[in-house]
*Asks:* 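Shown below is the structure under consideration.
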Amino acid sequence: MSTSDEDPQTTQIPAVGAESPPARTADRPPAPPRPRGGKVRAAVRGFGELLITLGLVLLLFVVYELYVTNWKSGRLQNEASAQLEQEWRDAPQDQRQLHIDPADGQAFARMYIPTFGVDWSFTVQEGVGPEALEIGPGHYKDTAMSGQPGNMGIAGHRVGKGAPFNDLDLLNSCDPVVIETGDSFYVYRVLPMTGEVDGWADGKGARQRCANVAPLQHKQHAYDETFGRRIVLPSRGDAVSPVPYKARNPLPKASQASLLTLTTCHPQFSDAERMIIHGVLTNQYKKAQGTGYDDLLAEIGEA
Amino acid sequence: MYGWIWRHLPGPVALRVVEALVLVAAVVALLMFVVFPWLEPMLPFNDVSVQ
């Protein structure tokens with residue numbers, strides 16, 4: 001405390017008072033009655049507290065979006081995954097062509113993107129409503145099923161709710177996207193990007209992993225707008241048309257390519273636009289007893 | 001607001017601290033499990049599909 005040798009009762013706070021502990025409240029005279037401006041003061045203080053509270057609520061909402069929704073979606077995804085697994089185990093090998101017409105929100109396939117890691121895997125639900133997308137990626141109803149000619153459209157969240165499509169912007173041409181159904185694996189690969197189309201055959205297209213990937217527009221002019229990645233307005237529902245960006249289908253089913261289209265929001269944390277990834281079917285494997293995704297990865301050279 | 005709540009919490013200081021924490025937890029739970037899930041679909045950053 002104070003090093004003054006005066007009587008402590010009369011000691012004034014020394015010059016270094018700013019650093020010494022303040023006098024105890026009990027030693028002070030009682031606070032003077034509030035001045036007339038007390039109401040204004042209370043109102044200003046109340047307003048300030050309100051603003052701070054709103055700030056905290058906003059922060060909490062961010063925590064909710066980025067973390068809490070993930071917990072719930074993770075649980076739902078685990079349940080859907082276990083159920084699908086069970087279904088596939090129970091069905092006899094020759095009857096696994098189930099789910100031609102799955103119910104809303106029902107998981108009917110599993111998707112893998114090896115580029116995002118060997119353990120990246122989600123069940124695909126039927127429909128793109130909020131309930132389906134909370135579980136995982138959702139399949140646009142009325143678009144093709146895996147392996148069929150036409151366009152299989154799948155939407156997924158990019159932020160929160162498990163964020164399955166968080167890294168969709170990192171996909172490059174020829175990166176595989178695998179769809180597993182009860183009886184088959186379907187390997188799609190991302191199409192050439194806009195800038196890669198010219199000189200594809202002599203450039204990237206010569207690589208082994210691009211074996212069955214080629215710019216679609218070279219064969220069919222109808223695919224003149226279909227590239228590996230596109231950013232479009234949310235109103236472009238024709239991104240998942242059988243021939244992308246052609247609302248009025250110009251090609252008969254037999255001459256349509258088998259495409260896979262992934263959609264998510266863009267830019268991240270906004271839904272002003274949509275990011276679209278187009279892929280084309282390159283390989284198809286019947287599931288054999290005792291083999292799984294790991295064997296498939298080795299087979300397609302992505303292990 | 002917070003001062004008013006603090007003054008109206010019954011009991012000694014230690015008990016009041018516990019009561020305040022319970023109040024905070026209750027408000028956070030209400031926000032997380034009722035208010036935010038209701039509010040979220042109306043906000044413009046979770047639409048991922050084209051239509």
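Small disclaimer: the values here were computed from a predicted structure and weren't measured. Lettering follows sequence order; numbering is per chain, from 1. Quick note: numbers below take in every heavy atom, side chains included, and nothing from hydrogens, waters or symmetry partners.
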*Asks:* Counting distance only, does the side-chain N/O of A/Arg274 pair as donor-acceptor with the main-chain N or O of B/Ser49 below 3.5 Å?
*Replies:* yes

*Asks:* Write down the atom of B/Met32, the atom of A/Val63, and the distance for their closest heavy-atom approach.
*Replies:*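 Minimum heavy-atom separation between B/Met32 and A/Val63: CE-CG1, 4.3 Å.
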
*Asks:* So what's closer than 4.5 Å to chain B heavy atoms on A/Tyr140: side chain, backbone, both or neither?
*Replies:*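 A/Tyr140 touches chain B through side-chain heavy atoms alone.
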
*Asks:* Measuring heavy-atom distances to chain B, does A/Thr53 have an atom under 4.5 Å in its side chain, in its backbone, in both, or in neither?
*Replies:* both

*Asks:* Do B/Leu43 and A/Glu65 come close enough that some side-chain heavy atom pair is under 4.5 Å?
*Replies:*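 With C-beta onward as the side chain, the pair stays apart.
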
*Asks:* Sort A/Leu56 into side chain, backbone, both or neither according to what part of it lies under 4.5 angstrom from a heavy atom of chain B.
*Replies:*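 Neither part; nothing is under 4.5 Å.
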
*Asks:* Measure distances from A/Val159 to the heavy atoms of chain B and classify the residue's part below 4.5 Å as side chain, backbone, both or neither.
*Replies:*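 Backbone only.
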
*Asks:* How many angstroms lie between atom OH of B/Tyr2 and atom CD1 of A/Ile52, to the nearest 0.5 angstrom?
*Replies:* 7.5 Å

*Asks:* If you count heavy-atom pairs within less than 4.5 Å of chain B, which of A/Gly46, A/Ala239, A/Ser235, A/Gly153 leads?
*Replies:* A/Ser235

*Asks:* Of the backbone (N, CA, C, O) and the side chain (C-beta and beyond), which part of B/Pro37 lies under 4.5 Å from a heavy atom of chain A, both, or neither?
*Replies:* both

*Asks:* Just so I understand: if I count every heavy-atom pair under 4.5 Å between each of A/Lys72, A/Arg158, A/Lys161 and chain B, which residue has the most?
*Replies:* A/Lys161

*Asks:* Should B/Phe36 and A/Leu60 count as side-chain neighbours, where that means a heavy-atom distance under 4.5 Å?
*Replies:*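 They are in side-chain contact.
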
*Asks:* Any side-chain heavy atom of A/Phe61 within less than 4.5 Å of one from B/Leu31?
*Replies:*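 Sidechains of B/Leu31 and A/Phe61: no contact.
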
*Asks:* Are A/Ile276 and B/Val50 close enough that some pair of their side-chain heavy atoms sits under 4.5 Å apart?
*Replies:* yes

*Asks:* Under a 4.5 Å heavy-atom cutoff, which of A/Met275, A/Arg236, A/Gln268 has the most pairs with chain B?
*Replies:* A/Arg236

*Asks:* A/Tyr64 versus B/Glu40: any side-chain heavy-atom pair under 4.5 Å?
*Replies:* yes

